[in-house]
Protein chains: 2
Amino acid sequence: MELGDRKKSILKAIITDYIETAEPVGSRTIAKKYEMGISSATIRNEMSDLEDLGYLEQPHTSSGRIPSDKGYRTYVNYLMQVNYPTNEEIELIKNYMKFATVYEVDKIIKRTIKLLSQITMYTSAVLTPSVNRSTVKSIQLIRVSARDVIAVVVTDTGIIKNVVIKLPKEVSTESIMRISNMLNSKLYGLTIEEIDLAVISSIQNEMRGYSEIFNAILPVIYDSLKANDCDVYLEGATNIFNYPEYDDRDKAYNFLSMIENKDVLIEALSSGDDNITITIGKENEIEEIKDCSIIKASYKVGGKTAGTIGVIGPTRMNYARVIGIIKCLTDILNDILKSP
Amino acid sequence: MELGDRKKSILKAIITDYIETAEPVGSRTIAKKYEMGISSATIRNEMSDLEDLGYLEQPHTSSGRIPSDKGYRTYVNYLMQVNYPTNEEIELIKNYMKFATVYEVDKIIKRTIKLLSQITMYTSAVLTPSVNRSTVKSIQLIRVSARDVIAVVVTDTGIIKNVVIKLPKEVSTESIMRISNMLNSKLYGLTIEEIDLAVISSIQNEMRGYSEIFNAILPVIYDSLKANDCDVYLEGATNIFNYPEYDDRDKAYNFLSMIENKDVLIEALSSGDDNITITIGKENEIEEIKDCSIIKASYKVGGKTAGTIGVIGPTRMNYARVIGIIKCLTDILNDILKSP
DNA sequence: ATTAGCACTCTCATTTAATGAGTGCTAATT
DNA sequence: AATTAGCACTCATTAAATGAGAGTGCTAAT
């Protein structure tokens with residue numbers, strides 16, 4: 001269904017205005033504020049058409065119109081122009097990010113979403129890469145005390161994972177080192193998913209003398225890597241109080257409960273493809289966020305797609321601005337994290 | 001200023017009622033609901049006295065009375081009886097906690113505060129132990145790639161810290177191991193605060209051959225340990241929506257903003273002594289939480305005082321119940337974490 | 001095809017009045 | 001001297017009434 005040019009520009013004006021004011025937009029506002037060259041009555045007729053076509057909604061008879069999810073979708077796909085940060089702003093962002101004297105993926109990313117929530121004024125989140133689909137870059141055992149061992153697993157996606165293991169009996173540093181070396185050489189380059197019975201028994205074969213210790217260690221590491229697959233961090237949850245859609249106590253409560261629930265967030269942020277993904281209102285499959293929009297993009301570590309950063313807020317979101325900022329931020333982030 | 005018995009029991013009744021109902025309490029309510037054996041007129045006079053003495057406040061003339069901070073303080077110190085969980089409840093709690101197949105202080109504690117927020121229905125938080133005042137139980141370097149090294153520091157308070165170090169030039173596994181062993185033997189048993197110039201130059205002396213690498217490594221580790229001294233985790237922030245004091249949008253916003261600010265939380269939770277510390281309303285030095293109460297207790301790892309867990313909520317808190325639960329939970333927690 | 005004009009609708013803020021819980025005071029009672 | 005009944009008064013809360021304002025939809029004129 002192709003819209004005429006006039007309908008398009010009216011729709012664009014309405015959405016622009018609504019994003020700015022959060023008030024239902026009336027025909028007279030459009031006629032006065034935006035130079036349309038036609039009277040409010042004509043706009044009224046067009047608006048009526050746009051409503052019939054599903055691009056607009058009326059909260060109640062004789063109020064202005066607000067965009068529907070379909071309206072926003074059209075706006076995002078065809079009408080708006082992405083609003084990129086200026087060069088000066090980009091410099092500021094880069095400076096803020098460059099602090100990273102220490103190369104720690106975790107910290108850099110947390111800092112990124114903090115910035116993201118601050119400049120967008122929405123809630124931002126990051127989904128850390130799935131451990132399962134990362135490959136092992138290094139796995140080493142550290143003997144902390146007679147019966148305590150920590151396995152430190154580093155993945156190509158920059159995750160460092162500590163697995164604490166309590167051994168059934170005392171073990172020498174020697175033995176630990178031998179097992180450690182063996183594990184490292186055998187598991188290097190594999191994803192967690194690829195570690196199967198064949199791999200394990202191959203290691204066990206070469207470790208006959210240590211089978212008891214070995215059997216105490218491997219399952220724990222394996223379970224731990226499998227279990228806590230990925231993680232989310234949040235920033236700026238209270239930013240929603242800036243927006244009148246959350247003046248209603250229950251709305252605010254629902255939003256905050258939703259983001260307090262990690263499972264929901266993980267689902268909401270995952271499966272963003274390489275580029276920017278925008279999900280508007282009911283397009284979202286998750287019940288709890290059917291009145292929110294999410295803008296998310298994946299970032300890369302060492303050139304490999306790792307996790308996802310995103311912004312979540314009301315469907316009346318400043319798409320043009322947020323998209324610009326996220327694009328800019330992921331570019332900078334990818335650059336910082338590109339070194340292998 | 002000693003209160004008479006009758007004043008005491010009236011004060012207790014008022015506070016009990018107010019904690020339950022969140023409504024200003026009137027003299028008639030007390031006379032009817034609590035068997036006082038005196039008329040509402042008499043209670044009225046006593047209440048007037050209690051207000052003059054500062055134990056009660058009146059939101060406006062001709063409304064019931066609500067407790068002042070001083071009133072709550074008296075209630076907590078002299079009037080209430082701590083309400084411990086029943087044996088069955090304790091068993092449930094223990095079962096929930098016992099899941100810990102893996103001995104990881106971090107996870108166990110996060111699980112504890114999750115439980116704490118769920119059964120108290122308030123917001124709970126944990127302050128992890130100060131790294132500075134913990135002693136090094138193990139420090140080891142792991143070579144991840146030619147120029148990447150990770151230092152894994154384990155403290156007696158159960159903290160595992162990973163410090164990522166990018167070396168200026170390629171270094172052999174041999175060298176790393178030698179430095180690692182040296183660091184471990186020299187720093188073992190010291191607190192971070194105790195690591196001073198004397199210690200560092202003593203190590204440098206024995207590591208003449210590696211001074212370049214060594215100088216690249218040590219400052220990074222040192223800074224990292226110093227910098228991020230302690231951390232807080234939160235659970236159940238949205239629980240405040242259960243309480244009418246946060247029906248007001250601004251109140252809720254203030255509370256949630258406060259909680260989102262880690263510095264405030266750290267300050268609020270620190271310096272709890274060994275036992276349970278209760279801070280009521282304006283007793284709190286921090287501006288942002290002058291209308292909240294905090295109940296906190298420190299927990300021990302391996303017998304040594306480590307971090308603090310706490311509950312934060314409105315001054316109209318169910319002190320008797322929360323104190324009982326926190327006492328019970330720290331006991332269980334200390335028991336789980338007592339093994340060295 | 002467009003627009004001016006007008007009746008109609010619905011929300012929101014304000015006013016008004018009624019209700020009710022609770023106090024404080026005084027005078028009577030124990 | 002302490003307690004209590006009784007009553008006038010205060011203040012918050014609620015519901016109903018009112019009016020202004022923004023906006024639409026329709027009709028007739030351009």
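By convention in this document, chain letters (A, B, ...) are assigned in the order of the sequence lines, proteins followed by strands, and residues within each chain are numbered from 1. Because the structure is predicted, anything quoted here is derived from the model rather than measured.
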Expressed as a whole number of angstroms, how long is the span from [X]:[atom1] to [N]:[atom2]?
X        : N       : atom1 : atom2 : answer
Arg44(A) : dT3(C)  : CZ    : P     : 11 Å
Arg6(A)  : dT3(C)  : CZ    : P     : 8 Å
Gln58(B) : dG22(C) : CD    : P     : 12 Å

Output yes when at least one side-chain N/O atom of Thr42(A) is less than 4.0 Å from OP1 or OP2 of dT2(C), else no. no
With salt bridge (charged side-chain N to carboxylate O under 4.0 Å, His left out) as the test, pick out the partner of Arg249(B) among Asp248(A), Asp250(A), Asp247(A). Asp247(A)
Of Lys70(B), Arg73(B), Lys290(B), which meets salt bridge (charged side-chain N to carboxylate O under 4.0 Å, His left out) against Glu283(B)? Arg73(B)
Given Watson-Crick or G-U pairs with both distances under 3.5 Å, what dot-bracket string fits DNA chain D, with | for other-strand pairs and [ ] for crossing? ||||||||||||||||||||||||||||||
Identify, residue by residue, the members of residues 9-24 of chain B with a heavy atom below 4.0 Å from DNA chain C, and return them in order of residue number, or none. none
Identify, residue by residue, the members of residues 241-249 of chain B with a heavy atom below 4.0 Å from DNA chain C, and return them in order of residue number, or none. none
Glu260(B): what forms a salt bridge (charged side-chain N to carboxylate O under 4.0 Å, His left out) with it, not counting sequence neighbours? none
Where does the chain B footprint on DNA chain D start and end, counting 5' to 3' with a 4.0 Å heavy-atom cut-off? dT3(D) to dA12(D)
With a 6.0 Å cut-off on the ring centroids, do Tyr75(A) and Tyr55(A) count as close? no
If the test is side chain to side chain contact (heavy atoms under 4.5 Å, CB included), which one of Ile15(A), Ile278(A), Asn77(A) qualifies with Tyr72(A)? Ile15(A)
Which residues pass the side-chain hydrogen bond (donor to acceptor under 3.5 Å, both in side chains) test with [X], sequence neighbours left out?
X         : result
Ser117(B) : none
Asp52(A)  : none
Glu20(A)  : none
Tyr319(B) : Ser293(B)

Any base atoms under 4.0 Å from Ser27(A), or only sugar-phosphate, or nothing? Heavy atoms, all strands. sugar-phosphate
So which pairs with a foot in residues 318-331 of chain A pass salt bridge (charged side-chain N to carboxylate O under 4.0 Å, His left out), sequence neighbours left out? none
Please test Met317(B) against Ile295(B) for side chain to side chain contact (heavy atoms under 4.5 Å, CB included), starting from the C-alpha separation and ending with a verdict. CA-CA 10 Å; Met317(B) 188 183 272; Ile295(B) 301 177; 3.6 Å; yes
Write down the protein N/O and nucleotide N/O pairs, taken from nucleotides 19-21 of chain C, whose separation is under 3.5 Å; answer none if there are no such pairs.
none

Can you give each donor-acceptor pair under 3.5 Å made by side-chain atoms of residues 24-36 of chain A, sequence neighbours left out, with the distance rounded to 0.1 Å?
from, atom 1, to, atom 2, distance (Å)
Ser27(A), OG, Arg44(A), NH1, 3.2
Lys33(A), NZ, Asp17(A), OD1, 2.6
Tyr34(A), OH, Asp17(A), OD1, 2.9

